[in-house]
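Here the structure is a predicted model, which means the values were calculated and not measured.
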Amino acid sequence: MSSESHSDQFHLPTLTSSLFDPEEDSSIHDPNGVVHGSSSAHSQPSDDVSIRAHTASSQPSTPSSSGYVAEIEDVALQNEIQELSIHGDDQYHNALAYSNHDELIGKPHRSDEDDASISWRKRKKHFFVLSHSGKPIYSRYGDEHKLAGFSATLQAIISFVENGGDRVKLVRAGKHQVVFLVKGPIYLVCISCTEEPYESLVEQLELIYGQMIVILTKAVNKCFEKNPKFDMTPLLGGTDIVFSSLIHSFSWNPATFLHAYTCLPLAYATRQAADAILQDVADSGVLFAILMCRHKVISLVGAQKATLHPDDMLLLANFVMSSESFRTSESFSPVCLPRYNSLAFMYAYIHYFDADTYLMLLTTSSDAFYHLKDCRIHIEMVLLKSNVLSEVQRSLLDGGMRVEDLPPLPRFGSSQLGQNRLQLDSPDRLREPNSGIGGDAGLWHFLYRSIYLDQYVSSEFSSPINTPQQQKRLYRAYQKFFVSMHDKGIGPHKTQFRRDENYVLLCWVTQDFELYAAFDPLADKASAIKTCNRVCQWVKDVENEIFLIGATPYSW
């Protein structure tokens with residue numbers, strides 16, 4: 001966590017002891033018929049609650065691609081009223097209203113809850129978005145309008161600290177954390193007792209804000225400047241499923257904390273065939289051409305000098321996959337990429353080839369629908385002729401890398417983790433775990449991130465981690481490990497080895513990659529180090545199949 005100056009301690013009303021107990025199942029179900037664009041139109045908390053604040057600092061500027069900024073900003077200014085009003089142009093109305101043919105999609109959880117509901121208080125993790133005037137915009141659970149009083153309380157806390165010249169970041173109340181993120185006139189708050197690190201929670205709030213910008217652009221701030229009591233809830237009407245899907249991904253998708261994307265494993269020749277046809281399309285004026293299978297990238301091509309941040313890819317893919325209408329018809333929708341240019345829309349042509357595989361073509365032109373449609377027809381013809389789509393389905397069925405298939409390390413391997421970093425004659429040596437459970441040396445799972453490519457690969461879950469609860473627990477362990485490895489206050493670290501009742505966790509960070517590996521809790525330290533060497537060599541041997549080689553690095 002960045003350095004902070006500590007303000008005086010404030011005493012606030014305590015949270016009730018029943019608040020945020022067991023979390024209910026947060027699985028997300030696909031909605032039915034969200035319309036977005038169309039081919040035609042386009043434990044007991046303590047009594048003392050301490051507030052830790054730091055002096056407000058200016059926000060870093062949003063990176064954008066050179067060569068396109070001026071053009072897109074002009075579009076944003078010209079279309080400002082249309083983009084921010086659901087009563088204006090039909091294209092924007094369809095894009096923002098998210099109407100269903102029968103009814104608006106509800107939340108995956110009960111919407112009749114409020115802050116007096118027992119079920120609402122038992123939730124382990126809440127997210128709120130509100131305006132600087134205290135008007136509720138979004139709540140993960142419950143009805144925003146019924147939570148108006150609660151939102152006003154959150155707004156009062158933020159304003160009280162800001163009036164003293166500071167900015168509130170975190171309130172601790174027993175096992176609960178209340179994390180605040182101020183984005184101009186929009187306030188985001190997370191209340192959690194999941195024991196996730198503060199850094200992880202604030203990054204999740206950043207992503208929620210980014211998802212809002214994908215839908216509205218940052219130009220919505222101008223509406224608050226003109227009217228401090230502006231209600232932006234109608235602009236987000238029906239988009240609850242998009243935010244719920246993103247929040248659900250915080251419990252399973254490593255991209256949310258690694259800031260990297262993952263690719264579908266494919267033969268090098270197959271991916272090259274997809275790359276070639278997308279490059280032809282990019283050369284015809286498309287800014288980005290992205291072929292994806294679920295949340296995994298098959299191929300990604302950008303126009304010259306145009307780079308796409310992994311977080312933008314995450315938010316864009318979540319936006320598409322959580323909207324049912326994209327699956328049923330080709331769509332042309334205004335979208336904003338926060339890391340590319342948060343002030344303006346670009347336009348996305350979206351088409352599903354099958355239930356899992358979809359194409360996204362992004363352009364700055366609002367009248368490019370028919371051109372992109374022709375591009376899609378050409379792409380589809382080539383993909384079918386070269387059997388790319390059938391290979392995609394085969395890869396989806398086969399799955400990714402499995403720890404049980406880990407090959408032996410060559411005698412003179414290139415990885416050198418065990419040398420000059422960790423002692424092999426460790427006192428942690430206990431026993432060699434039983435063979436047949438997970439991989440060799442008790443390896444259960446690993447994450448490997450290529451720093452240069454901003455891509456990661458994750459192994460399939462082995463038999464010791466076969467339930468959603470176990471997988472979520474491992475994900476949270478990785479999350480804490482990642483924060484610990486990158487803690488600027490005491491690090492960053494190059495290696496860490498931890499053992500608890502659930503796992504042995506080993507992490508190795510170099511200038512080229514990061515490796516996070518989970519082992520049987522009784523795994524031998526020396527054997528774990530050797531196994532990590534083998535994993536690194538294995539990834540290197542198959543990198544042409546698991547990574548998009550030659551892609552522009554998207555580091556920021």
Side-chain angles (χ1 to χ4, degrees), residues 1-16 19-20 45-62 114-115 125-140 142 144-174 176-193 197-210 212-213 216 218-233 236 342 489:
M1 190 186 304
S2 59
S3 60
E4 308 168 355
S5 62
H6 296 270
S7 63
D8 295 335
Q9 188 176 73
F10 302 100
H11 295 281
L12 303 174
T14 59
L15 301 175
T16 62
L19 189 62
F20 320 135
S46 62
D47 291 336
D48 293 332
V49 181
S50 62
I51 296 182
R52 296 163 57 193
H54 79 292
T55 302
S57 60
S58 59
Q59 296 294 328
S61 58
T62 302
D114 58 29
D115 54 342
K125 192 175 181 183
H126 285 257
F127 287 98
F128 306 94
V129 182
L130 56 143
S131 71
H132 61 163
S133 64
K135 189 180 292 291
I137 297 172
Y138 170 80
S139 173
R140 182 187 187 188
E144 291 87 358
H145 300 291
K146 294 181 180 180
L147 296 171
F150 191 84
S151 295
T153 302
L154 295 175
Q155 185 271 342
I157 295 173
I158 297 172
S159 297
F160 180 77
V161 177
E162 286 188 340
N163 289 339
D166 286 338
R167 178 173 297 173
V168 62
K169 294 176 62 177
L170 173 66
V171 174
R172 293 191 184 275
H176 302 94
Q177 294 184 86
V178 186
V179 179
F180 297 85
L181 178 66
V182 175
K183 290 290 188 178
I186 298 176
Y187 299 162
L188 300 98
V189 183
C190 174
I191 302 179
S192 170
C193 61
Y198 161 81
E199 292 83 354
S200 298
L201 296 176
V202 76
E203 284 193 353
Q204 292 170 14
L205 291 176
E206 290 274 5
L207 287 173
I208 292 175
Y209 177 72
M212 185 178 300
I213 299 304
L216 296 178
K218 199 173 181 179
V220 72
N221 290 357
K222 295 181 180 180
C223 292
F224 287 102
E225 293 175 4
K226 296 176 182 178
N227 179 13
K229 295 184 179 181
F230 171 72
D231 184 7
M232 63 181 288
T233 306
L236 295 172
S342 63

Give me the atom names and distance for the closest heavy-atom approach of [X] to [Y].
X	Y	value
V202	E199	CG1-O, 3.2 Å
I191	V178	CG1-CG1, 3.9 Å
V161	V168	CG1-N, 3.6 Å
L201	S192	CD1-CB, 4.0 Å
S131	I137	N-CD1, 3.7 Å

Does a side-chain heavy-atom distance below 4.5 Å link [X] with [Y]?
X	Y	result
F127	L188	no
F180	V171	yes
C190	K125	yes
V182	E162	yes

What's the spacing between [X] [atom1] and [Y] [atom2] if we round to 0.5 Å?
X	Y	atom1	atom2	value
I213	K183	CD1	NZ	9.0 Å
H132	I158	NE2	CD1	11.5 Å
N221	M232	CG	CE	8.5 Å
S151	K146	OG	NZ	14.0 Å
M212	I186	CE	CD1	5.0 Å

Take K135 and Q155, measure what side-chain contact (heavy atoms from CB on, under 4.5 Å) needs, and give me the verdict at the end. CA-CA 9 Å; K135 189 180 292 291; Q155 185 271 342; over 6 Å; no
Parallel, tilted or perpendicular, as decided by the 30° and 60° cut-offs, for the rings of F128 and F150: tilted
Verify side-chain contact (heavy atoms from CB on, under 4.5 Å) between K222 and F230, making sure each step is shown before the conclusion. CA-CA 10 Å; K222 295 181 180 180; F230 171 72; over 6 Å; no
When you look at Y138 and L236, which way does the side-chain contact (heavy atoms from CB on, under 4.5 Å) test go after all the steps? CA-CA 9 Å; Y138 170 80; L236 295 172; 5.6 Å; no
